[in-house]
Novice: 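Handing you this structure, nothing more for now.
In this text the structure is predicted, and so the values were computed from the model without any measurement.
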Amino acid sequence: WSPVPAGASISPRWWPLLASAIVAVCVTKTAWVAATAYESYASRQDLRLPGAGKLHLPDSQRTAYQLLVLNAVVHGDQLFSLPGMFSFNLWTDLPTPTRKNTTLWFTLLSDAEQTAIIQSIAAAPRPCIIVQESLIQMMLASKVPIRGVLCDFIQRNFTVAFRIEG
């Protein structure tokens, strides 16, 4: 079954009207999505961490990040993360073990570069490691290999101090 009889076609004079209607629907939908997103953004508080003033996150996530930062500052003198999340170093003003900072350090850094990080962490009086388990699970599900001498070192030498869901 077809709403247009066989051999019939839509008159060319209707094409501009049809195109205008499609554009109007797309513009309206885009404006609605933008307005909804802005309302959500504006209703949330900013993260209140250095350099993150324009980040407006859900309360649970904002609080989780603030608690992580506070604990790292109070209990650590050096900060490393799995996967690499340099934002925490910026927010805490804690140094990284070396200048080799990358999100996927476990795939991008050589054993020698990972060993240099291990040596720096081992020499620090109060090193702190932040692990974002949800990102690790996502990477493992995507078959991103998370391994290396540094991963082994972290698993052998660090225990979970606390967990935050957010």
Novice: Check whether Thr107 reaches the backbone of Leu104 with its side chain - one donor and one acceptor, N or O, closer than 3.5 Å.
Specialist: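 Yes: the side chain of Thr107 pairs with the backbone of Leu104.
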
Novice: With rounding to the nearest 0.5 angstrom, report the CD to CZ distance, Gln61 to Arg44.
Specialist: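 So the gap between those two atoms works out to 8.5 Å.
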
Novice: Can you give me the closest heavy-atom contact between Ile118 and Val149, atom names plus distance?
Specialist: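 Closest approach of Ile118 to Val149: CD1-O, 3.6 Å.
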
Novice: Over 60° means perpendicular and under 30° means parallel, so tell me whether Trp105 and Phe80 are parallel, tilted or perpendicular.
Specialist: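 Ring orientation, 0 to 90° scale: tilted.
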
Novice: Does atom OH of Tyr38 have more than 12 heavy-atom neighbours from other groups under 6.0 Å away?
Specialist: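 No, the 6.0 Å shell around OH holds no more than 12 heavy atoms from other groups.
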
Novice: Given side chains that start at C-beta, do those of Ile164 and Leu68 come closer than 4.5 Å, heavy atoms only?
Specialist: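 In short, these two side chains touch, coming nearer than 4.5 Å.
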
Novice: Are Ile129 and Ile121 side-chain neighbours, meaning at least one heavy-atom pair lies under 4.5 Å?
Specialist: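 Contact flag for Ile129/Ile121 side chains = yes.
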
Novice: Are Phe162 and Met85 co-members of a hydrophobic cluster defined by side-chain heavy atoms under 4.5 Å apart?
Specialist: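 Yes: a chain of side-chain contacts under 4.5 Å links Met85 to Phe162.
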
Novice: Side chain to side chain contact (heavy atoms under 4.5 Å, CB included) between Ile117 and Leu109: does it pass, once the steps are laid out?
Specialist: CA-CA 10 Å; Ile117 293 172; Leu109 298 183; 3.7 Å; yes

Novice: With rounding to the nearest 0.5 Å, note down the distance linking OG1 in Thr96 to CG in Leu94.
Specialist: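 Result: 10.0 Å between the selected atoms.
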
Novice: Name all residues meeting the ring-ring contact (aromatic ring centres under 6.0 Å, His included) criterion together with Tyr41; count only those two or more places apart in sequence or in a different chain, and write none if there are none.
Specialist: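 Scan of Tyr41 (ring-ring contact (aromatic ring centres under 6.0 Å, His included), adjacent residues dropped) gives His56.
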
Novice: Can you name the residues that form a ring-ring contact (aromatic ring centres under 6.0 Å, His included) with Tyr65, not counting sequence neighbours?
Specialist: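 Partners of Tyr65 by the ring-ring contact (aromatic ring centres under 6.0 Å, His included) criterion, ordered by chain and then number, come out as Phe88, Trp91.
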
Novice: Within a strict 4.5 Å, meaning less than it, do heavy atoms of the Ile130 and Leu79 side chains meet?
Specialist: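 Of all side-chain heavy-atom pairs linking Leu79 with Ile130, at least one is under 4.5 Å.
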
Novice: The test is side chain to side chain contact (heavy atoms under 4.5 Å, CB included); show your working for Leu82 and Ile146 and say whether it passes.
Specialist: CA-CA 9 Å; Leu82 172 63; Ile146 301 176; 4.2 Å; yes

Novice: State plainly whether one hydrophobic cluster holds both Leu57 and Leu70, where clusters connect Ile, Leu, Val, Met, Phe, Trp and Tyr through side-chain heavy atoms under 4.5 angstrom apart.
Specialist: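 Leu57 does not cluster with Leu70.
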
Novice: Would you mind listing every salt bridge (Lys or Arg N to Asp or Glu O under 4.0 Å) that reaches into residues 48-73, with sequence neighbours excluded?
Specialist: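 Residue pairs with at least one partner in residues 48-73: Asp59-Arg62.
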
Novice: Which pair of heavy atoms, one from Cys128 and one from Gly76, lies closest together, and at what distance?
Specialist: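 Reported closest heavy-atom pair: CB-CA, 4.3 Å.
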
Novice: Apply the hydrophobic cluster definition, ILVMFWY joined by side-chain contacts under 4.5 Å directly or through others, and give me every member besides Val23.
Specialist: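 Same cluster as Val23: Val27.
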
Novice: Is there a continuous path of hydrophobic side-chain contacts, each under 4.5 Å between heavy atoms, that joins Leu108 to Ile136?
Specialist: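 Leu108 clusters together with Ile136.
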
Novice: Could you note down all residue pairs passing side-chain hydrogen bond (donor to acceptor under 3.5 Å, both in side chains) where residues 70-90 supplies at least one of them, sequence neighbours left out?
Specialist: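 Qualifying pairs: Gln78-Ser120.
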
Novice: CD/Gln137 to CD/Gln132 distance, rounded to the nearest 0.5 angstrom?
Specialist: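 Nearest 0.5 Å value for the CD-CD distance: 11.5 Å.
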
Novice: Quick check on Asp152: does its CG atom have over 12 non-hydrogen neighbours (other residues, nucleotides or ligands) under 6.0 Å away?
Specialist: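 Correct, the count exceeds 12.
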
Novice: Check whether Ser20 reaches the backbone of Pro16 with its side chain - one donor and one acceptor, N or O, closer than 3.5 Å.
Specialist: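 Flag set: sc Ser20 to bb Pro16 pair under 3.5 Å.
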
Novice: Do Leu90 and Pro50 have side chains that approach each other closer than 4.5 Å (heavy atoms only, starting at C-beta)?
Specialist: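 When only atoms from C-beta onward are counted, Pro50 and Leu90 do not touch, as no gap falls below 4.5 Å.
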
Novice: Looking only at heavy atoms, which two atoms of Cys151 and Gln114 are closest? And how far apart?
Specialist: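 For Cys151 versus Gln114, the nearest heavy atoms are N-OE1, 4.4 Å.
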
Novice: Yes or no on side chain to side chain contact (heavy atoms under 4.5 Å, CB included) for Phe106 and Arg147, after CA distance, side-chain angles and deciding distance?
Specialist: CA-CA 6 Å; Phe106 37 83; Arg147 60 178 179 257; over 6 Å; no

Novice: State, with a plain yes or no, whether a side-chain heavy atom of Thr103 is found less than 4.5 Å away from one of Phe86.
Specialist: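 Result no, sub-4.5 Å side-chain heavy-atom pair not found.
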
Novice: Please, which pairs that meet salt bridge (Lys or Arg N to Asp or Glu O under 4.0 Å) have at least one residue in residues 98-113, sequence neighbours excluded?
Specialist: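 Checked against salt bridge (Lys or Arg N to Asp or Glu O under 4.0 Å) - neighbours excluded - the pairs reaching residues 98-113 are Lys100-Glu113.
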
